[in-house]
Chemist: 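Structure in structure tokens, see below.
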Amino acid sequence: MPKINVTVAAIHQNRDCARFTETGLEGADRKNPDRPVSLMSLDARQQIDTAVRRGLCYKRFTADITLDCSQMPPTDAKLQCGELTLIILPERKKCWPDCELFQEGLPCPLREGVRYARVITPGGLCRGEALTENG
């Protein structure tokens, strides 16, 4: 199976670079300490930005890292860039029962386009860098 290699398309609040600690992205608010880092695919971000029908989470959800990738990394994938090592968690983005898209059974790019990760080894990350599967 080929190793995962994804490019960082964006970092929260349009930062060029950021530091990640065991608790997540420095300077970001954490809603759930069990999911310290949120990742979103660039494709999902673009779908949300251009959507006519807007899901409940479209305004609420913010990603720490946006990845330019054809497919989001699977559960337990270890991704590394320099000192920074992340592990993809099994939890996925949940839908809210009061969301129109959910109620009508319509697709939402956040369902497949979001992953959560835990920081194994703290480190920095910059836009344009690659996160590569390690182990």
Side-chain angles (χ1 to χ4, degrees):
M1 194 164 189
K3 288 206 178 248
I4 298 164
N5 187 14
V6 295
T7 302
V8 176
I11 299 174
H12 182 61
Q13 297 178 333
N14 292 319
R15 299 178 195 188
D16 287 328
C17 295
R19 178 144 180 83
F20 291 83
T21 66
E22 287 87 357
T23 58
L25 174 65
E26 283 185 351
D29 291 330
R30 262 319 104 223
K31 290 181 183 174
N32 184 337
D34 295 328
R35 325 181 287 220
V37 179
S38 57
L39 304 115
M40 174 189 268
S41 71
L42 181 58
D43 182 56
R45 173 84 267 153
Q46 291 168 339
Q47 287 181 54
I48 288 167
D49 290 347
T50 60
V52 174
R53 300 241 5 231
R54 311 212 39 89
L56 183 64
C57 294
Y58 284 23
K59 285 184 182 175
R60 293 181 184 179
F61 182 82
T62 57
D64 296 321
I65 304 169
T66 302
L67 300 175
D68 189 355
C69 57
S70 58
Q71 187 173 346
M72 290 298 283
T75 297
D76 294 331
K78 289 182 184 175
L79 303 176
Q80 184 171 12
C81 180
E83 293 180 4
L84 177 65
T85 304
L86 305 172
I87 186 164
I88 303 298
L89 299 171
E91 186 176 352
R92 298 288 190 255
K93 175 79 179 75
K94 303 271 189 300
C95 294
W96 294 94
D98 51 340
C99 175
E100 278 184 40
L101 299 179
F102 178 74
Q103 289 174 356
E104 295 178 28
L106 296 172
C108 174
L110 294 175
R111 288 184 200 133
E112 288 302 318
V114 169
R115 297 289 183 273
Y116 296 102
R118 183 171 45 84
V119 178
I120 295 175
T121 309
L125 186 66
C126 295
R127 189 176 356 172
E129 290 186 321
L131 284 163
T132 305
E133 188 174 16
N134 178 14

Chemist: Within the structure provided, determine whether Leu42 and Thr7 are in side-chain contact (heavy-atom separation under 4.5 Å).
Modeler: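 No, side chains not in contact.
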Chemist: If we only count heavy atoms from C-beta on, is the Leu67 to Pro73 side-chain gap below 4.5 Å?
Modeler: yes
Chemist: Would you say Leu89 and Phe61 are hydrophobically clustered, going by side-chain heavy atoms of ILVMFWY under 4.5 Å?
Modeler: yes
Chemist: Please confirm whether the backbone N or O of His12 pairs with a side-chain atom of Asp64, one donor and one acceptor, at under 3.5 Å?
Modeler: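 A pair under 3.5 Å: no.
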Chemist: Evaluate Cys108 against Cys57 for disulfide (SG to SG under 2.5 Å), listing each step before the verdict.
Modeler: CA-CA 10 Å; Cys108 174; Cys57 294; over 6 Å; no
Chemist: Under a 3.5 Å distance rule, please check whether Arg15 uses its side chain to pair with a backbone N or O of Cys126 as donor and acceptor.
Modeler: no
Chemist: Quick one: closest heavy-atom pair of Leu79 and Ile4, and the distance?
Modeler: CD2-CG2, 3.9 Å
Chemist: Is there a donor-acceptor contact under 3.5 Å from the side chain of Gln103 to the main chain of Pro97?
Modeler: yes
Chemist: In the single-linkage hydrophobic clustering (I, L, V, M, F, W, Y; side-chain heavy atoms under 4.5 Å), do Leu106 and Leu110 co-cluster?
Modeler: yes
Chemist: Can you measure from CG (Leu86) to CG (Asn134) and round to the nearest 0.5 angstrom?
Modeler: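 Atom-to-atom, Leu86:CG and Asn134:CG are 11.0 Å apart.
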Chemist: Between Leu39 and Tyr116, which heavy-atom pair has the shortest distance, and what is it?
Modeler: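 Shortest heavy-atom separation between Leu39 and Tyr116 comes out as CD1-C, 4.1 Å.
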Chemist: Measuring only between side-chain heavy atoms, which start at C-beta, is Pro122 closer than 4.5 Å to Glu83?
Modeler: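 No; the side chains remain at least 4.5 Å from each other.
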Chemist: Would you say that Leu25 contacts Ile65 through its side chain, given a criterion of any heavy-atom pair below 4.5 Å between the two side chains?
Modeler: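 Leu25 vs Ile65: side chains apart.
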Chemist: How about CG on Asn14, more than 12 heavy atoms from neighbouring residues, nucleotides or ligands closer than 6.0 Å, or not?
Modeler: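 Open: at most 12 neighbouring heavy atoms sit under 6.0 Å from CG of Asn14.
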Chemist: Could you tell me if the side chain of Tyr58 sits less than 4.5 Å from the side chain of Pro109, heavy atoms only?
Modeler: yes
Chemist: Specify the closest pair of heavy atoms between Glu22 and Val119, including all atoms of both residues, with the distance to one decimal.
Modeler: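 Minimum heavy-atom contact is CA-CB, 4.1 Å.
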Chemist: Rounded to the nearest 0.5 Å, what separates atom CZ in Arg54 from atom CD in Glu100?
Modeler: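 The distance works out to 12.0 Å.
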Chemist: Between atom CZ of Arg127 and atom CG of Asp68, what is the distance when rounded to the nearest 0.5 Å?
Modeler: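 Arg127 atom CZ to Asp68 atom CG measures 13.0 Å (nearest 0.5 Å).
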Chemist: Would a single hydrophobic cluster contain both Ile11 and Val6, if residues Ile, Leu, Val, Met, Phe, Trp and Tyr are joined by side-chain heavy-atom contacts under 4.5 Å?
Modeler: yes
Chemist: Is the closest side-chain donor-acceptor distance between Arg115 and Ser41 under 3.5 Å?
Modeler: no
Chemist: Provide the closest heavy-atom pair for Ile48 versus Met40 in the form atom of the first, atom of the second, distance.
Modeler: CD1-CE, 3.8 Å
Chemist: When you compare the side chain of Arg19 with that of Leu84, does any pair of heavy atoms fall below 4.5 Å?
Modeler: no
Chemist: So which atom in Arg92 and which in Thr75 form the shortest heavy-atom distance, rounded to 0.1 Å?
Modeler: NH2-OG1, 3.3 Å
Chemist: Counting C-beta onward and ignoring hydrogens, is there a side-chain heavy-atom pair between Gln13 and Thr62 closer than 4.5 Å?
Modeler: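 SC-SC contact between Gln13 and Thr62 ruled out.
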Chemist: Closest heavy-atom contact between Phe102 and Arg111?
Modeler: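 So the two residues come closest at CA-NH2, 3.9 Å.
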Chemist: Between the side chain of Gln80 and the main-chain N/O of Gly82, is any donor-acceptor distance below 3.5 Å?
Modeler: yes
Chemist: As an exercise, state the distance from OG of Ser38 to NZ of Lys93, rounded to the nearest 0.5 Å.
Modeler: 10.5 Å
Chemist: So Leu131 and Cys81, do their side chains get closer than 4.5 Å, heavy atoms only?
Modeler: yes
